[in-house]
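The figures that follow rest on heavy atoms only: side chains count, while hydrogens, waters and symmetry mates do not.
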Amino acid sequence: MIPLYKPYLTGKEKEYVIACIDSTWISSKGEFIGIFESAFANYIGANRATSVCNGTVALHLALEALGLGVGDEVIVPTFTYIASVNTIVQTGATPVFVDSDPSNWQLDIPDVRRKITPRTKAVMAVHLYGFPCDMDQLVGLCQEHQLFLIEDCAEAFGSYYKGRHVGTFGDIATFSFFGNKTITTGEGGMVVSNNARLMDRAFHLKTQGVSPDQEYWHDIAGYNYRMTNLCAAIGQAQLESADFIIEKKRTIATWYNQKLDGLSLQMLEDTTDTRQSYWLCSLLTEDRSTRDLLRAYLKTAGVETRPFFHPAHTMPMFANKERFPVAESLAQRGINLPSFPDLSQSEVAYICKLIHDFFACNINVA
């Protein structure tokens, strides 16, 4: 079986975790917390970073730090992982969905402009599947309307827009370190910002609202969103291997592009403004039936794949009558292929041969 993804744990992960155990600092205090946060901020070019226990709470913490709540609207793409939307609801704010741009699969900026109302307080830019949004337009639009700009970079560690790492354009940004992310801590996340006030508030909230001046005195209702020293140790080791991991994933994407050339499949390629990390190798087929049949065929041959996310507006808790035709089409036609650093060129060749055989024979495995 060729899995969709598996973490690359060949650096100093074991050494650093053992150091944590030997020190007995295994929970939310210990030297690797600060080391990882500082190194991560430096890697992406942000002023500050604070670690949390997963990517979803990173988003929630970012929204809470901005003070979003009941009566506020947050514009968000419907074509995203559900955490982007759930966290808006958890603050009491209302998610306002926008469609996708067919050229890059990211939120459609003209639709964002159409959805702005007097209640709009923020726009959440999701760099979906590791491809950067058009940050020039989004920054300009948010400045024009005095809106907060949140970047959901859960899938976009290692992605750049005009030479600048995503997550450094908005007021606040978040990253995920789940086991299938480009770098992982097992479970974990990071909140980053160049705004010291926002980062101070995020830290205060994530540590149960504890006073910095008086022990066990809590001056606001906060959360326990802290990362453990064990997870931070893994994250630091992963960060030290990040350049290799990202370059290998970009190489894998190049192999797929070369070997699938000529088939009726679409993969997003870099533009003059973007350099993507290829979190997964994501492809579009012509229609849903082709996608489903291809996935079934690859499964029988021992290749794991994954469909694209369902648009949030189709979920029962968010269902409404508004249609988002581009997002719906992308979701129905998308397939993610294996993309992990240990994947070999011969394995990619095997997967691509299977795909060529599928299209050549018009295989029906229904």
Side-chain angles (χ1 to χ4, degrees), residues 1-11 13 81 105 128-131 154-159 176-187 234 237-238 241-269 276-310 330-366:
M1 185 74 183
I2 300 177
L4 182 76
Y5 202 80
K6 58 182 178 179
Y8 183 77
L9 302 171
T10 62
E13 290 84 1
Y81 181 58
W105 310 350
L128 194 68
Y129 295 121
F131 195 91
E155 301 161 11
F157 174 72
S159 295
S176 171
F177 307 129
F178 185 61
N180 64 9
K181 296 301 190 293
T182 302
I183 64 170
T184 183
T185 60
E187 277 277 13
I234 296 171
Q238 287 275 284
S241 300
D243 288 345
F244 168 78
I245 294 171
I246 293 165
E247 285 307 310
K248 178 62 184 294
K249 287 167 72 65
R250 287 178 56 80
T251 297
I252 290 167
T254 299
W255 292 340
Y256 276 121
N257 257 323
Q258 292 172 344
K259 295 181 182 300
L260 296 176
D261 186 46
L263 296 180
S264 54
L265 296 168
Q266 177 190 347
M267 178 187 288
L268 289 179
E269 298 185 23
Q276 59 181 308
S277 58
Y278 290 102
W279 170 51
L280 297 173
C281 284
S282 306
L283 304 174
L284 280 182
T285 61
E286 289 187 331
D287 51 51
R288 181 172 187 168
S289 175
T290 301
R291 190 274 306 272
D292 291 347
L293 291 172
L294 176 58
R295 290 194 67 219
Y297 179 63
L298 291 174
K299 182 178 180 180
T300 63
V303 178
E304 183 184 13
T305 64
R306 197 171 84 173
F308 280 9
F309 301 127
H310 296 286
L330 291 171
Q332 291 172 359
R333 297 187 290 128
I335 178 174
N336 293 302
L337 299 177
S339 172
F340 52 90
D342 284 337
L343 190 67
S344 68
Q345 190 169 8
S346 62
E347 287 173 316
V348 172
Y350 169 69
I351 295 167
C352 292
K353 182 180 184 304
L354 290 171
I355 296 172
H356 275 280
D357 290 345
F358 172 86
F359 282 102
C361 302
N362 192 27
I363 294 171
N364 187 333
V365 292

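Using a 30° and 60° split on the angle between ring planes, F358 and Y297 fall in the tilted class, from 30° to 60°.
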Between W105 and Q266, does a side chain to side chain contact (heavy atoms under 4.5 Å, CB included) hold up when you go through it step by step? CA-CA 11 Å; W105 310 350; Q266 177 190 347; 3.8 Å; yes

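A donor-acceptor contact shorter than 3.5 Å links the side chain of Q238 to the backbone of Y8. T285 places a side-chain N or O within donor-acceptor distance of the main-chain N or O of R333, the cut-off being under 3.5 Å. Checked by atom type and distance alone, the side chain of K181 never pairs as donor or acceptor with a backbone atom of S176 at under 3.5 Å. At distances below 3.5 Å, at least one donor-acceptor pair connects side-chain atoms of E304 with backbone N or O atoms of L4. Judged by distance alone, the side chain of K249 and the main-chain N or O of S339 form a donor-acceptor pair under 3.5 Å. In this structure, the side chain of R291 does not engage the main chain of L283 through any donor-acceptor pair within 3.5 Å. No donor-acceptor distance shorter than 3.5 angstrom exists from the side chain of T184 to the backbone of N180, with no hydrogens or angles considered.
Separation of the F157 and F177 ring centroids does not fall under the 6.0 Å cut-off.
Between the CD atom of E13 and the OG1 atom of T185 there is a distance of 11.0 Å, given to the nearest 0.5 Å. Here the CD-CG distance, from Q332 to D292, works out to 9.5 Å after rounding to the nearest 0.5 Å. Taken to the nearest 0.5 Å, the OH atom of Y350 stands 11.0 Å off from the CD1 atom of I355. Here H356 contributes atom NE2 and D261 contributes atom CG; the two are 8.0 Å apart, rounded to the nearest 0.5 Å. Rounding to the nearest 0.5 Å places CG of L298 at 6.0 Å from CG of L354. Note: T182 OG1 to L280 CG = 8.0 Å, rounded to the nearest 0.5 Å.
Residue K248 qualifies as enclosed at atom NZ: its count of foreign heavy atoms under 6.0 Å is above 12. Within a 6.0 Å radius of CD in E286, no more than 12 heavy atoms belonging to other residues, nucleotides or ligands are found.
At least one side-chain heavy atom of L284 sits less than 4.5 Å from a side-chain heavy atom of F308. For the pair I252 and Y278, the minimum side-chain heavy-atom distance is 4.5 Å or more. Proximity of L343 to I2: side-chain heavy atoms (C-beta onward) are separated by under 4.5 Å at one or more points. Contact check for Y256 versus C352: side-chain heavy atoms found under the 4.5 Å cut-off. By the 4.5 Å heavy-atom criterion applied to side chains, V303 and P338 are counted as neighbours. Looking only at side-chain heavy atoms (C-beta outward), L337 and M267 stay at 4.5 Å or farther from each other. For the pair L128 and E155, the minimum side-chain heavy-atom distance is below 4.5 Å. Here the side chains of Y129 and L268 are not in contact, with every heavy-atom distance at 4.5 Å or above.
Closest of all the heavy-atom pairs between N257 and E269 is OD1-OE2, 3.8 Å. Taking every heavy atom of both residues into account, G11 and S241 meet most closely at CA-OG, 4.4 Å.
With 3.5 Å as the limit, one finds a donor-acceptor pair spanning the side chains of T290 and D287.
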